[in-house]
Amino acid sequence: MTDPTSEHARHVAPTTDTVEAVVRGQLAKALGGRRGMAEAAVPTILFTVTWLTMRDLNLALSISIGAALVLLAIRLVQRSTVQFVVNALFGIGIGWYFVYRAAESGGSEQEQALAYFLPGLLYNGGYAVVLAFTCLIGWPLVGFMVGSITGDPTAWHSDKQVVRLCNRLTWLLVAPCLLRVAIQGPIWLAGNSGSMDPDAAVAALGVLKIALGWPLQLAALASMIWLLSRNRTPVAEDPATA
């Protein structure tokens, strides 16, 4: 029997000769390592600590934006990727817009501070829905990582073994998003409705945003690595010959 891996060795680099290797590489690139994690967390930590200690929303926003800009400047000087800092700045910008809208509608400073955390909840909820939808219709999002390597974005879908693997991996990406919404959502609603002290809600959301951020993402990644280590699914440019 012909080895599918050797059959396609001339088309696929040795380091990406399996679906598992492709996904591991793409996930490592997407996470950005320890530095990328820190760049995503620092602005939120500074915002939460400044608000809780100074009770000055504009100062809290300014400090978080300033920290992100410093991190961006360091990246530019070092000529390294600015992707993760830009992502943090984009998140802060969206948060600032929600704060601005809350202020325009007459919300208190506490309500404005809570508004800062609303985009993250909406993002996680929307992301979970989109990822789950791709699984339910049989086109799991992780599969397109495989397609980005083979050069054909949809050829992987003809291989049921690859589809099953990508489906499981995509559900593992859904899980952290659902947990964040399930845990943080009730706290945000309680703080916004007055059934929970707004300052306590802001403090809890700030802590949970960090605790349920990269740690939870790393837990999902560990689960994915475990799943990826179990099998070796050949990457094939032509499913008919795989």
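Contacts classified as salt bridge (charged side-chain N to carboxylate O under 4.0 Å, His left out) and involving residues 102-112 (residues at least two apart or in different chains) are not found. Counting only residues at least two apart or on different chains, no side chain to side chain donor-acceptor pair (under 3.5 Å) pair has a member in residues 87-102. For residues 122-133, there are no salt bridge (charged side-chain N to carboxylate O under 4.0 Å, His left out) pairs, not counting sequence neighbours. Each side chain to side chain donor-acceptor pair (under 3.5 Å) pair with one or both residues in residues 176-199, not counting sequence neighbours, appears once here: Arg55-Asp199, Asn124-Arg180, Arg180-Gln217, Ser193-Ser195.
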Pair up each side-chain donor or acceptor in residues 130-142 with any protein partner under 3.5 Å, not counting sequence neighbours, and list the distances.
unit_1	atom_1	unit_2	atom_2	d
Thr134	OG1	Leu131	O	2.6
Thr134	OG1	Leu141	N	3.3

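Linking ILVMFWY side-chain heavy atoms closer than 4.5 Å, directly or via other members, places Leu173 and Trp226 in a single hydrophobic cluster. Connection of Leu208 to Leu189 is established within a shared hydrophobic cluster, with ILVMFWY side chains joined at heavy-atom distances below 4.5 Å, either directly or through further cluster members. Leu122 and Val181 end up in different hydrophobic clusters when Ile, Leu, Val, Met, Phe, Trp and Tyr side chains are linked at under 4.5 Å. Under the 4.5 Å side-chain heavy-atom criterion for grouping Ile, Leu, Val, Met, Phe, Trp and Tyr, Leu227 is connected to Met224 within one hydrophobic cluster. Note on Val129: it does not cluster hydrophobically with Leu169, by side-chain heavy-atom contacts below 4.5 Å among ILVMFWY residues.
Heavy-atom minimum distance, Ser64 versus Phe47: CB-CB, 4.1 Å. For the residue pair Gln110 and Val202, the shortest heavy atom distance occurs at O-CG2, 4.4 Å. Closest non-hydrogen pair, Leu172 versus Ala220, comes out as O-CB, 3.6 Å. Contact record, Pro119 with Ile94: CB-CG2, 3.5 Å, taken as the closest heavy-atom pair. Taking each heavy atom of Ile187 and Ala204 in turn, the nearest pair found is CG2-CB, 4.1 Å. Contact detail for Leu121 and Gly185: the closest heavy-atom pair is CD2-N, 3.8 Å.
Residues passing the side-chain contact (heavy atoms from CB on, under 4.5 Å) test with Ala102, sequence neighbours excluded: Gln112, Ala115. For Ala88, the side-chain contact (heavy atoms from CB on, under 4.5 Å) partners two or more places apart in sequence, or in a different chain, are Pro43. In terms of the side-chain hydrogen bond (donor to acceptor under 3.5 Å, both in side chains) criterion, Ser62 has no residue partners (sequence neighbours excluded). With sequence neighbours left out, Gln78 forms a side-chain hydrogen bond (donor to acceptor under 3.5 Å, both in side chains) with Arg35. Not counting sequence neighbours, the partners of Tyr127 by the ring pair (Phe, Tyr, Trp, His ring centres under 6.0 Å) test are Tyr123.
Between Tyr116 and Leu61 there is a side-chain heavy-atom pair separated by less than 4.5 Å. Inter-residue side-chain proximity for Leu76 and Leu72 is flagged as met; some heavy-atom pair is nearer than 4.5 Å. The shortest side-chain heavy-atom distance between Thr50 and Asp56 does not fall under the 4.5 Å cut-off.
In terms of modelled atom types and a separation under 3.5 Å, the side chain of Arg75 and the main chain of Val82 share no donor-acceptor contact.
In this structure, the separation between CD1 on Ile63 and CG on Asn58 is 11.0 Å, given to the nearest 0.5 Å. Between the CG atom of Leu212 and the SG atom of Cys177 there is a distance of 11.5 Å, given to the nearest 0.5 Å. Taken to the nearest 0.5 Å, the OG atom of Ser223 stands 13.5 Å off from the CZ atom of Arg168.
Through side-chain heavy atoms spaced under 4.5 Å, either directly or across other Ile, Leu, Val, Met, Phe, Trp or Tyr residues, Ile74 is tied to Val70. Hydrophobic cluster membership for Val49: Ile45, Ile210 (Ile, Leu, Val, Met, Phe, Trp, Tyr linked by side-chain heavy atoms under 4.5 Å, directly or transitively).
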| field | Candidate pair Ile92 and Thr44, rule side-chain contact (heavy atoms from CB on, under 4.5 Å), full reasoning | value | CA-CA 8 Å; Ile92 294 170; Thr44 297; over 6 Å; no
| request: Go through Phe144 and Trp156 one step at a time and tell me if the ring pair (Phe, Tyr, Trp, His ring centres under 6.0 Å) criterion holds. | output: CA-CA 8 Å; Phe144 294 97; Trp156 59 272; 5.4 Å; yes
| task | Could you please spell out the steps behind the side-chain contact (heavy atoms from CB on, under 4.5 Å) verdict for Val207 and Thr48? | result | CA-CA 8 Å; Val207 171; Thr48 305; 5.8 Å; no
